[in-house]
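Here is the structure we will look at, set down as structure tokens.
In what follows, every heavy atom counts, from backbone to side chain, and hydrogens, waters and symmetry copies are set aside. So you know, we letter chains A, B, ... as the sequences are listed, proteins then strands, and number each from 1.
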There are 2 protein chains.
Amino acid sequence: MTANDNGGLRERKKAATREALSAAALRLALEHGPQNVRVDDIAEAAGVSPRTYNNYFSSREAAIVAAVAAERALRVGAALRERPADEPLAEAVIEAVVSQYDEPGLPAGELLKLVASTAGLRTEFVGTVAAIEQPIANAIATRTGDEGLAPKVLAAAVSAAARVAVENWIRPAEDDEEQAGGSLLVVPSGSLPDLLRKALASVAPALEAADPAAP
Amino acid sequence: MTANDNGGLRERKKAATREALSAAALRLALEHGPQNVRVDDIAEAAGVSPRTYNNYFSSREAAIVAAVAAERALRVGAALRERPADEPLAEAVIEAVVSQYDEPGLPAGELLKLVASTAGLRTEFVGTVAAIEQPIANAIATRTGDEGLAPKVLAAAVSAAARVAVENWIRPAEDDEEQAGGSLLVVPSGSLPDLLRKALASVAPALEAADPAAP
DNA sequence: CCACAAACTTGCGTGCACGCATAGATTCGC
DNA sequence: GCGAATCTATGCGTGCACGCAAGTTTGTGG
């Protein structure tokens, strides 16, 4: 094989198209407001057909959020595998998750306002957190050697806890919504890493109970 | 007020319409296969306009699954509140959840095959489990007096665990899918109550750690 | 009993997601 | 290099979800 998963022209083109779509989506959303951006506009701005848009993203919101979520979730698996093997499971998981939702690239300012104040984008953004579940389940299964339900359940619990943290982080000021209005108070609840640690602390006992290293 | 939330004509009609839609949806799905049922067909069979269908159910699958899910999830809140106050939190939650997913009305036979072998219905059915989250969060908040994140996180973890249990219960035989084919092996993983207990046991330590009754 | 308010139904229009078939690009094997 | 296998882009058609603005039914107060 000349190239299959990385340097190949095909792969690079796909990545470029995805990137172009995502960037165009975000730019248009910021320019005209997320409600005023049609899928066709995004496709056109990226130079592909509308049909192709849906080959890359399965919803109008997905492309916008992808520009902001930056596959953060997918990297949790790698982060977890790289933690020292003698670290307690709970600590490893918590640090791996928090590390991916630390400062760099997190929506802030205009971006955050955009996502937080639009129902569809908020839902989509919160939904991206679920992507951490599979990688974590695999990592826990490897660590514990358990082949049953437990790793899946624990990963689901961790993912759910992270989701709650993100929900509470990005919760808008309840009343105002949509409409590019004026000053909406968002993210009053503290930093995301702090929220994540608080949330994950509640499920930590379950991880500890499943940790073969510290019975 | 003559009637507002129960005996009123309006409420009864709404309930009847909802029931009619749900029943029609299920019947048509069983008769012609879920893929061959249009929203318009369901609406017509129930004697309402297609537009009205979407006033009651937000997706084509929702009506079918509603006929099977029977608001099981919503009753978890009531079940939990009715558990003795001196029972440990973990036990109360587990029993409340399991009690609602016990025998009566669970999809079985043709029904189960229908739901399990259709991707859309499976997703929708699994999704109904999430409805237990809010009630459980409220109940835990009441029990523990905690007003912060913990109850939400724990409820999310419980809900996630239950979801994993249901996913594994209803998992089809991997290969065959859709198409009213012949004998597909579904639900090989044991009874749902057993799966739920196994799954919830993994998150129980987190509940115990938050239980004020047993510090 | 009647008029007004509140809630529900319906038709219409729009945007969206996606299966399918075809044409075009890239990669593979030799 | 070259042809075949594989993957991607696109157009078309269908079904679906939902906002909106009447029109209709049900509930409330006098």
Side-chain angles (χ1 to χ4, degrees), chain A residues 1-21 24-25 28-29 32-66 118-121 123-124 127 177-179, chain B residues 1-21 24-25 28-29 32-66 118-121 123-124 127 177-179:
Chain A
M1 63 186 89
T2 304
N4 213 341
D5 56 336
N6 45 6
L9 186 94
R10 197 172 258 168
E11 298 302 317
R12 270 184 293 126
K13 266 194 168 180
K14 265 180 67 171
T17 301
R18 188 180 193 80
E19 177 59 26
L21 281 170
L28 292 176
H32 308 127
Q35 308 295 346
N36 304 319
V37 180
R38 309 273 148 265
V39 166
D40 297 34
D41 304 334
I42 303 174
E44 190 181 21
V48 298
S49 78
R51 183 62 183 83
T52 295
Y53 174 90
N54 276 309
N55 288 344
Y56 284 85
F57 298 100
S58 60
S59 80
R60 189 172 61 89
E61 291 82 10
I64 304 177
V65 168
T118 310
L121 294 182
T123 300
E124 186 75 23
E177 176 90 0
E178 321 294 311
Q179 308 316 0
Chain B
M1 63 187 88
T2 305
N4 211 344
D5 56 335
N6 44 8
L9 210 183
R10 196 170 260 169
E11 297 301 317
R12 270 183 293 126
K13 266 195 167 182
K14 266 181 66 171
T17 300
R18 189 180 192 80
E19 178 58 26
L21 281 169
L28 291 175
H32 308 125
Q35 308 295 347
N36 303 319
V37 180
R38 310 272 146 266
V39 166
D40 297 33
D41 303 335
I42 302 173
E44 190 181 20
V48 299
S49 78
R51 182 63 182 84
T52 295
Y53 174 89
N54 276 310
N55 288 344
Y56 284 85
F57 298 100
S58 60
S59 80
R60 187 172 61 88
E61 291 82 10
I64 304 177
V65 168
T118 310
L121 294 181
T123 301
E124 186 76 23
E177 176 89 1
E178 322 296 309
Q179 309 313 2

Any residue meeting side-chain hydrogen bond (donor to acceptor under 3.5 Å, both in side chains) with Arg51(A), in chain and number order, not counting sequence neighbours: Asn55(A)
Partners passing side-chain hydrogen bond (donor to acceptor under 3.5 Å, both in side chains) against Ser49(A) (at least two apart in sequence or in another chain): Thr52(A)
Qualifying residues under side-chain contact (heavy atoms from CB on, under 4.5 Å), relative to Ser59(B), sequence neighbours excluded: Glu61(B), Ala62(B), Glu124(B)
Those residues that, when tested against Ser58(A), pass side-chain contact (heavy atoms from CB on, under 4.5 Å) (two or more places apart): none
Roughly, in whole Å, what's the span from [atom1] in [X] to [atom2] in [N]?
| X | N | atom1 | atom2 | result |
| --- | --- | --- | --- | --- |
| Glu11(B) | dT28(D) | CD | C1' | 15 Å |
| Leu21(A) | dA9(D) | CG | P | 10 Å |
| Asn54(B) | dA17(D) | CG | P | 5 Å |
| Glu61(B) | dA17(D) | CD | C1' | 12 Å |
| Asn55(A) | dG11(D) | CG | P | 12 Å |
| Phe57(A) | dA17(C) | CZ | P | 12 Å |
| Ile42(B) | dA17(D) | CD1 | C1' | 14 Å |
| Asp40(B) | dC18(D) | CG | P | 15 Å |

What nitrogen or oxygen pairs link the protein and nucleotides 2-6 of chain D at under 3.5 Å?
residue: dT6(D); atom: O2; partner: Arg10(A); partner atom: NH2; Å: 3.3

Of the listed nucleotides dC8(C), dT9(C), dA9(D), the one nearest the side chain of Lys14(B): dC8(C)
End axis versus end axis in the helix from dC1(C)-dG30(D) to dC30(C)-dG1(D), the angle rounded to 10°, five pairs used at each terminus: 40°
Any Thr52(B) side-chain N or O less than 4.0 Å from OP1/OP2 of dT10(C): yes
Short side-chain N/O contact from Tyr56(B) to OP1 or OP2 of dT9(C), under 4.0 Å: yes
Under 3.5 Å between N/O atoms: give me all the protein pairs with nucleotides 11-15 of chain C, atom names plus distance.
residue: dG11(C); atom: O6; partner: Arg51(B); partner atom: NE; Å: 3.2

Ser59(B) vs Lys13(B), nearer the 5' end of DNA chain D by closest nucleotide: Ser59(B)
Side-chain atoms of residues 37-46 of chain B: list all donor-acceptor pairs with protein atoms under 3.5 Å, sequence neighbours left out, distances to 0.1 Å.
residue: Arg38(B); atom: NH2; partner: Gln35(B); partner atom: O; Å: 3.2
residue: Asp41(B); atom: OD2; partner: Arg38(B); partner atom: N; Å: 3.0

Exercise: identify the closest heavy-atom pair between Val48(B) and Thr17(B): CG1-CG2, 4.0 Å
Pairing residues for Phe57(B) by the ring pair (Phe, Tyr, Trp, His ring centres under 6.0 Å) criterion, not counting sequence neighbours: Tyr53(B)
Exam field: side chain Arg60(B) to backbone Pro34(B), donor-acceptor pair closer than 3.5 Å: yes
